[in-house]
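What follows is one structure encoded as structure tokens, with my remarks underneath.
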Amino acid sequence: MSDQSECPSLSDGILPPELHAWMLLLAATGAVEQELRSVVKEGLDVSHDEFLVLCLLGARPAAGVRMTKIAELLGRPKTRLTYQIACLQHAGLVTRKSVCGDKRGVEVTLTEKGRLLLEESSSTLAATVKEALARFMGPDQRMALCALMPDLAVEAKPE
């Protein structure tokens with residue numbers, strides 16, 4: 001849905017506002033993910049799921065995150081996450097270590113290389129997200145996102 005005039009308003013249809021908002025959120029997220037996949041593969045040389053792991057770690061660059069927490073936040077099985085973490089570790093973007101006092105716990109941390117990769121690509125990735133949302137959502141929906149994404153405010157002002 002790239003034409004903003006096609007973006008359904010809240011008054012259309014029979015869905016309650018909560019379901020309507022959820023459907024718009026899912027559709028917008030899907031549009032952003034489609035745009036990001038190629039940018040991430042080309043610019044970072046990692047898969048989309050590996051990129052999501054890097055983003056989670058980038059939110060807390062100085063601290064590690066337990067693999068169970070990453071799996072929970074991404075809604076991914078731990079076995080699949082183990083493979084993704086191994087790929088990121090092989091690329092030198094993350095390290096993993098056992099959690100002190102917990103034999104089964106593993107904590108993942110960004111390396112300096114991983115941190116630099118995210119820092120260098122963040123403006124391009126943010127622009128990709130912003131452009132995907134601007135193409136997908138109408139002015140009212142973009143206004144609602146301004147609280148979450150202040151830089152979207154310029155595009156969100158009604159004309």
Practice task
Using a 4.5 Å cut-off on heavy atoms from C-beta on, say whether the side chain of Leu73 contacts that of Lys69.
Solution key: yes
Fill in the blank from the handout: All heavy atoms of Glu50 vs all of Cys87, minimum pair found to be OE2-CB, 3.2 Å
Exercise for the section: Over all heavy atoms of both residues, which pair between Ala31 and Ala132 is shortest? Give the atoms and the distance, please. Expected result: O-CB, 4.1 Å
Exercise for the section: Quick one: pull up CD in Glu112 and CZ in Arg115 and give me the separation to the nearest 0.5 Å. Expected result: 5.0 Å
Exercise for the section: Grab the two heavy atoms, one from Leu118 and one from Leu54, that are nearest each other, plus how far apart they are. Expected result: CD1-O, 3.2 Å
Fill in the blank from the handout: One should read off an interatomic distance between Met67 CE and Thr82 OG1, to the nearest 0.5 angstrom, of 3.5 Å
Handout entry: OG-CG distance between Ser122 and Leu117, expressed to the nearest 0.5 angstrom
Key = 10.0 Å
Practice task
Measure the spacing between CD1 of Ile85 and NZ of Lys78 and express it to the nearest 0.5 Å.
Solution key: 13.5 Å
Problem - N/O donor-acceptor pair under 3.5 Å between Lys113 side chain and Ala91 backbone - result: yes
Problem - Full working for side chain to side chain contact (heavy atoms under 4.5 Å, CB included) between His48 and Glu33 - result: CA-CA 8 Å; His48 182 69; Glu33 285 192 344; 3.6 Å; yes
Problem - Verdict with supporting geometry, Val65 and Leu56, side chain to side chain contact (heavy atoms under 4.5 Å, CB included) - result: CA-CA 8 Å; Val65 180; Leu56 277 176; 5.9 Å; no
Completion exercise
d(Gln84 CD, Arg76 CZ) to nearest 0.5 Å is 7.0 Å
Completion exercise
side chain to side chain contact (heavy atoms under 4.5 Å, CB included) test vs Leu81 passes for just one of Val108, Asp49, Val106, Ile70, namely Ile70
Practice task
Using side chain to side chain contact (heavy atoms under 4.5 Å, CB included) as the criterion, point out the one residue from Thr111, Val94, Leu52, Leu93 that pairs with Leu57.
Solution key: Val94
Fill in the blank from the handout: Interatomic distance, CD@Glu35 vs OG1@Thr128, rounded to 0.5 Å, equals 7.5 Å
Problem - CA sep, side-chain torsions, deciding dist, call: Ser47, Phe51, side chain to side chain contact (heavy atoms under 4.5 Å, CB included) - result: CA-CA 6 Å; Ser47 73; Phe51 167 68; over 6 Å; no
